[in-house]
Amino acid sequence: MTDAIHNLIEQYGLIAVFLGCIAEGESAALLGGFFAHQHVFVLWQAFLAAAIGAFVGDTFFFTLGRSFADHPLVIKLRGRPGFSHAYRLVSTHPDIFVLSNRFIYGLRLVGGIAAGLSGIAVARFVILNAISSIIWAALFGTIGYVFGLGAERIIGQALARHERLLIALAIGLAVAVLGWFIAHHVAKKERAKDAKET
């Protein structure tokens, strides 16, 4: 069973990292780094898959905001908590916003839409987004890699494949739960702020 899962990760893991990083993908980038430490992936390939996924995701939502402002999906995302805050930030500090948006959990999707609806030039967004995506992928991939090193030292050199998979799943679950709590907290604060303004 674990050999089959291990083979699936070897064959399709980088694709999963890429797809996971398109949206809210810290856990995918962390797992890419972790599996690179376990020699399932090559480290630079894990970084590249995460960076390209992050870039494609942010560019996709930017394009939605820029070219499809009246589409029902864009209108729905504009109604999400945090949109008005993201739009204010991108309007006043566009460079800083584009560089930091990927690091703000819970605002990525609405942040991309807000950037698309703002006046920032496409070329400027693409360059800043590429820089942000590379830094983000390197940071979270490295954290995953270092966690893999720490886990190996704690558990020992005889870390079995099924134990590696369980640790990787635990990392992904922990990041997802933490991300959900942060996003929930940010959304609650944003709703309270929006309520005061109206």
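As the structure is a prediction and not an experimental result, all values here were calculated from the model.
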Peer 1: Would you mind reporting whether F125 and T59 have side-chain heavy atoms less than 4.5 Å apart?
Peer 2: yes
Peer 1: How close do A137 and A51 get, heavy atom to heavy atom, and via which atoms?
Peer 2: CB-N, 3.4 Å
Peer 1: Are F61 and F68 in one and the same hydrophobic cluster, where Ile, Leu, Val, Met, Phe, Trp and Tyr link if side-chain heavy atoms are under 4.5 Å apart?
Peer 2: yes
Peer 1: If I take atom OH from residue Y87 and atom OG1 from residue T92, how far apart are they, to the nearest 0.5 angstrom?
Peer 2: 11.0 Å
Peer 1: Would a 4.5 Å heavy-atom cut-off, applied to side chains only, mark R66 and V122 as touching?
Peer 2: yes
Peer 1: Quick one: do F41 and L14 satisfy side-chain contact (heavy atoms from CB on, under 4.5 Å)? Show the steps, please.
Peer 2: CA-CA 8 Å; F41 309 145; L14 289 173; 3.8 Å; yes
Peer 1: For a quick test of reading the model, state the closest non-hydrogen atom pair linking A86 to G111 and the distance between them.
Peer 2: CB-CA, 4.1 Å
Peer 1: Should L31 and V17 be marked as a side-chain contact (heavy atoms from CB on, under 4.5 Å) after you check the CA-CA gap, both sets of side-chain angles, and the distance that decides it?
Peer 2: CA-CA 8 Å; L31 289 174; V17 170; 5.6 Å; no
Peer 1: Once the angle between the rings of H39 and H37 is folded into 0 to 90°, is it parallel (under 30°), tilted (30 to 60°) or perpendicular (over 60°)?
Peer 2: parallel
Peer 1: Does some side-chain heavy atom of N129 sit less than 4.5 Å from a side-chain heavy atom of F62?
Peer 2: no
Peer 1: Quick one: which residue pairs count as a side-chain hydrogen bond (donor to acceptor under 3.5 Å, both in side chains) with a foot in residues 14-23, not counting sequence neighbours?
Peer 2: none
Peer 1: To the nearest 0.5 Å, what is the distance between CG (L89) and NE2 (H85)?
Peer 2: 4.0 Å
Peer 1: Starting from the C-alpha separation in whole Å, work towards a yes-or-no answer on side-chain contact (heavy atoms from CB on, under 4.5 Å) for C21 and F55.
Peer 2: CA-CA 9 Å; C21 291; F55 178 81; over 6 Å; no
Peer 1: Once you round to the nearest 0.5 Å, how far does CG of L128 lie from OG of S133?
Peer 2: 10.5 Å
Peer 1: Would you say that E26 contacts I143 through its side chain, given a criterion of any heavy-atom pair below 4.5 Å between the two side chains?
Peer 2: no
Peer 1: Decide side-chain contact (heavy atoms from CB on, under 4.5 Å) for F60 and I22; before the verdict, give the C-alpha distance in whole Å, the side-chain angles of both, and the deciding distance to 0.1 Å.
Peer 2: CA-CA 9 Å; F60 172 75; I22 286 178; 5.9 Å; no
Peer 1: Can you pull out every salt bridge (Lys or Arg N to Asp or Glu O under 4.0 Å) where at least one residue sits in residues 35-59? Sequence neighbours excluded, please.
Peer 2: D58-R102
Peer 1: Any idea which heavy atoms bring A29 and A50 closest together, and the distance?
Peer 2: CB-CB, 4.2 Å
Peer 1: Would you check if R78 and I113 make a side-chain contact, meaning some heavy-atom pair closer than 4.5 Å?
Peer 2: yes
Peer 1: Applying the 4.5 Å side-chain criterion to the ILVMFWY set and letting contacts propagate, would I96 and V98 be lumped into a single cluster?
Peer 2: no
Peer 1: With rounding to the nearest 0.5 angstrom, report the CD1 to CD1 distance, I134 to I52.
Peer 2: 9.5 Å
Peer 1: In this structure, are over 12 heavy atoms from other groups packed under 6.0 Å from F103 atom CZ?
Peer 2: yes
Peer 1: Considering only heavy atoms from C-beta outward, does the side chain of V74 approach that of D70 to under 4.5 Å?
Peer 2: no
Peer 1: Are L48 and F18 connected into the same hydrophobic cluster when the rule is that any two of I, L, V, M, F, W, Y join if their side-chain heavy atoms are below 4.5 Å apart?
Peer 2: yes
Peer 1: For the atom pair CD1 (I135) and CG (L99), what is the distance rounded to the nearest 0.5 Å?
Peer 2: 7.0 Å
Peer 1: Please report the shortest heavy-atom distance between L77 and F83, naming the atom on each side.
Peer 2: O-CB, 4.1 Å
Peer 1: How about F97 and I120: do any of their side-chain heavy atoms sit closer than 4.5 Å?
Peer 2: no
Peer 1: Can you tell me how far CZ of R88 sits from OG of S118, rounded to the nearest 0.5 angstrom?
Peer 2: 14.5 Å
